[in-house]
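The structure under discussion appears below in the form of structure tokens.
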Amino acid sequence: MFRGRNASTKRRITAASLVSLMLLALLPGCLAQGFAPMKAAEEAIIAVDASKPANYTIPRTIFGSFLEPIGHSIYGGLWAEILENPSFEDNLWSADAVREMITNRPELARSSQLGLPLPWQPLDPAQGNRYEPRWNDAANSYRSVLIMGLSASQVGVRQEVYLPVHRTVQYTGSLYAKYASGSRALEVSIRQHNRPENVLTRAAIDTDGTDWRRYDFQLEIPRGKIAPFQAADFAIAVTGEGRILIDEASLMPADNIDGMDPDVIAMAKAMKSPVVRFGGNFTSAYHWRDGIGPRDKRVSMLNIAWGMPEYNTFGTDEFLRFCRLIGAEPQIALNLGSGTPDEAAGWVQYVNEHWGERPGGLLWELGNELWGGFQVGYPTLQRVADRTKVFSEAVRKIDSNSMMIGTGGDEDSYHDWNAAQLTNSGSLNYLSTHFVVGTDRMLNPSASPDLITLADFALPVGLERRLHEMYQQIYSHPQARDRVKIAFTEWLFIGSGDVPRYDNMGGAICTAGFLNMLMRSADIVPVSDMTGILEFGGIWKKRSRVFGVPSYWAFQMYSNADAKQLVQTHVQVEKYDVEQGSSRLPSILDVPYLDVVAAISGTADKLILFCVNRHLTRDIPARISIAGFEAAPEAAVQTIYATSIYEQNDEMHPLAVHPRLSSARVERAGLEYTFRHESITVLALQTKR
């Protein structure tokens, strides 16, 4: 699977290294017995010459991020709305999603029997069927629910919710109601979960007239009545023998920022991501006009790509507002699946009219992964160039300064697809590429966890070489040369089980290695978007608590470092080879255990070293020589490491893995520093004053 190498001689592994690798293979058993193998430290030699800069600057756009309605990235994440299916619709989830929902919450099967849409439940199941779905008599979308009251007790619907009571006890909401007969009294409330008789806070609504009307309300929960992470029930109930139709309910924390979660906004802003891509598999069936206009009139529908609801309450205006709030520019993927050129041109015009900071000249991506049969309305290899051309021409008629990203292939299967797209190179600025890799998928079926880890840690090295091969194809095309570059619009390390993945420390090491690779390749890959700013490698929200996974902290540490100009860096350190590794890039040779990139800051007063130690067991001492930069005697150090590469952050332990701050002594000629095994380190040297 892998073989060690020595950087200076390029020889096969030494006897000492062979012993080390044999011990490494025995590592799981050793650890189980309470001890780890020891090996004498091999010193790394790092030579940095700040007087020899690269011939390009590092564009901020390599620190782009990515937003897509998948999982709870938008709904249940960024968007502060607490309720699911607020419009009481059906057919918003795929069969697989419904099956999973019922498996996890069997009580919802009773709701379906009563005609209630998931995930709403009856306030009191013992009352029997007092509900009726009504189609084509709705304030929003297509369906509402008739609640038929009883004289002796309230009849209503409820939904399990998690409230951010750690931050606020005040909530605002609204619902649409239409009076039918009997009592006009309606009540909204927060109740103890599965204890409908225990009402924590309530607001009364008196319905009037005989047509649909919106009613606003406020709820305040007495402090201490709900603990953080404790479920509650939001309920809508009819009092007395009234019969009332309800539709389009909403419940939001009162401290929401234009409908968005303030904790998410703060953490997203801290990432300092200069661009946010609004795209993904949903792109190929997304029609932007569904997501504009009054929010409570936007139609809920199925997100075909992910088998989940698309409520359309977070649309173009909300996305642009999010970008403004976090200081990013929009990068939008157009629908080349079921969309039309006129629809795309209309979206470009709408965005340009509503993006006041810099109208025109934004990044527009012509489709998403169009080579995949999973894309709605995918073009074939024979048709993609023509379709790309028609859409690019429609966009350029609206905005001649627009920057166009054509859909390119992935690094392991790009050649024929990109060759077709390059026939349009006169209208493109970039070809996209993606790398969403299953870190648990190895060619070697008997690979141990340690060997899988080393293969995954090597992936950025293999990607860097493939990207240069990909660019050579672009450069060899006469119209594309010096005009078309690569945009890495999705990258993610995903897997199942104990492997490096986006949500653990091992994934953070992969992320840091990827960012080192991007800085070295920024002359040919000036745009990149990590998956994603929410969920996967970014910000998560569970049970109303917002936190970042380890990859989030690695990304933030890099993006906040202000690296502007690469400088010459030579590293002499032991290397290893990977063979029969990842199914995507199985053979990667000469992988350095210690990966180092050095750069001068944008203010020219800092020299920053970005260092990734891939070694699983060994701390690597290093002698770092510095030329061309007179440093102050103390360097600031940020390090990310954990007790295990499988360690994660979650809502209960949001900072289990995060950057740790320290300092290092700098001598006249440089410094000595020992890099902890399986760690990420950023050393910032300040100029001497």
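For the single chain, residues carry numbers from 1 onward in sequence order. Values reported hereafter were calculated over all heavy atoms of this structure, with side chains retained and with hydrogens, waters and symmetry mates removed.
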#### Entry: Candidate pair Leu534 and Val264, rule side chain to side chain contact (heavy atoms under 4.5 Å, CB included), full reasoning
CA-CA 8 Å; Leu534 275 103; Val264 173; 3.7 Å; yes

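- Residue pairs meeting the salt bridge (charged side-chain N to carboxylate O under 4.0 Å, His left out) criterion with at least one member in residues 481-493, sequence neighbours excluded: Arg277-Glu490.
- Here the closest non-hydrogen pair linking Tyr552 and Met271 is CE1-CG, 3.2 Å.
- Screening residues 523-542 for salt bridge (charged side-chain N to carboxylate O under 4.0 Å, His left out), with sequence neighbours left out, gives Asp261-Lys541.
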### Task
Starting from the C-alpha separation in whole Å, work towards a yes-or-no answer on side chain to side chain contact (heavy atoms under 4.5 Å, CB included) for Leu381 and Trp417.
CA-CA 6 Å; Leu381 175 62; Trp417 184 272; 3.8 Å; yes

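- Side-chain contact check for Thr316 and His354: no donor-acceptor pair (N or O, by modelled atom type) lies under 3.5 Å.
- Using a 30° and 60° split on the angle between ring planes, Phe319 and Phe278 fall in the parallel class, below 30°.
- Side-chain contact, Asn140 with Tyr311: no donor N or O sits under 3.5 Å from an acceptor N or O.
- For the pair Asp412 and Arg466, the salt-bridge criterion is not met [side-chain N within less than 4.0 Å of a carboxylate O].
- Of the N and O atoms on the side chains of Thr603 and Asp605, at least one donor lies less than 3.5 Å from an acceptor on the other residue.
- Taking the six-membered ring where the residue is Trp, the centroids of Phe493 and Tyr502 are separated by 6.0 Å or more.
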### Message
Go through it in stages, so that I can follow the logic: the residues are Val484 and Asn429, the test is side chain to side chain contact (heavy atoms under 4.5 Å, CB included), and I'd like the CA-CA distance, side-chain angles, deciding distance and then a yes or no.
### Response
CA-CA 5 Å; Val484 178; Asn429 302 97; over 6 Å; no

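- Atom CZ of Arg501 is separated from atom CZ of Phe536 by 11.0 Å, given to the nearest 0.5 angstrom.
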### Message
Checking Lys389 against Asp386 for the salt bridge (Lys or Arg N to Asp or Glu O under 4.0 Å) test, could you report, in this order, the C-alpha distance in whole Å, the side-chain angles of both residues, the deciding distance, and whether it holds?
### Response
CA-CA 5 Å; Lys389 182 179 181 181; Asp386 290 341; over 6 Å; no

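- Between Tyr75 and Phe314, the gap from one ring centroid to the other reaches at least 6.0 Å.
- Using a 4.0 Å cut-off between charged side-chain N and carboxylate O, Asp562 and Lys272 make no salt bridge.
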### Task
Before giving the answer on side chain to side chain contact (heavy atoms under 4.5 Å, CB included), spell out for Val527 and Ile62 the whole-Å C-alpha distance, their side-chain angles and the decisive distance to 0.1 Å.
CA-CA 5 Å; Val527 175; Ile62 68 168; over 6 Å; no

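- The CG atom of Asn312 lies 5.0 Å from the CG atom of Asp290; values are rounded to the nearest 0.5 Å.
- Atoms CD and OG, on Gln686 and Ser601 in that order, are 7.5 Å from each other to the nearest 0.5 Å.
- Inspection of the Thr407 and Glu365 side chains reveals no N or O donor paired with an N or O acceptor under 3.5 Å.
- Aromatic rings from Phe610 and Tyr558 are positioned such that their centres are separated by under 6.0 Å.
- The aromatic ring centres of Phe514 and Phe555 sit 6.0 Å or more apart.
- Between the side chains of Glu469 and Gln473, no donor-acceptor pair of N or O atoms lies under 3.5 Å.
- In this structure, Trp347 and Trp288 have parallel ring planes: the angle between them is below the 30° cut-off, well short of the 60° mark.
- No more than 12 heavy atoms of other residues, nucleotides or ligands shown are found within 6.0 angstrom of OH on Tyr378.
- The pair Glu318-Arg298 meets the salt-bridge criterion, with a side-chain N (NZ, NE, NH1 or NH2) lying under 4.0 Å from an Asp/Glu carboxylate O.
- In this model, a donor atom of one side chain and an acceptor atom of the other lie less than 3.5 Å apart for Glu68 and Trp306.
- Leu607 CG to Thr687 OG1: the interatomic distance, rounded to the nearest 0.5 Å, is 10.5 Å.
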### Message
Walk me through whether Ser284 and Asn281 qualify under side-chain hydrogen bond (donor to acceptor under 3.5 Å, both in side chains).
### Response
CA-CA 6 Å; Ser284 294; Asn281 287 352; over 6 Å; no

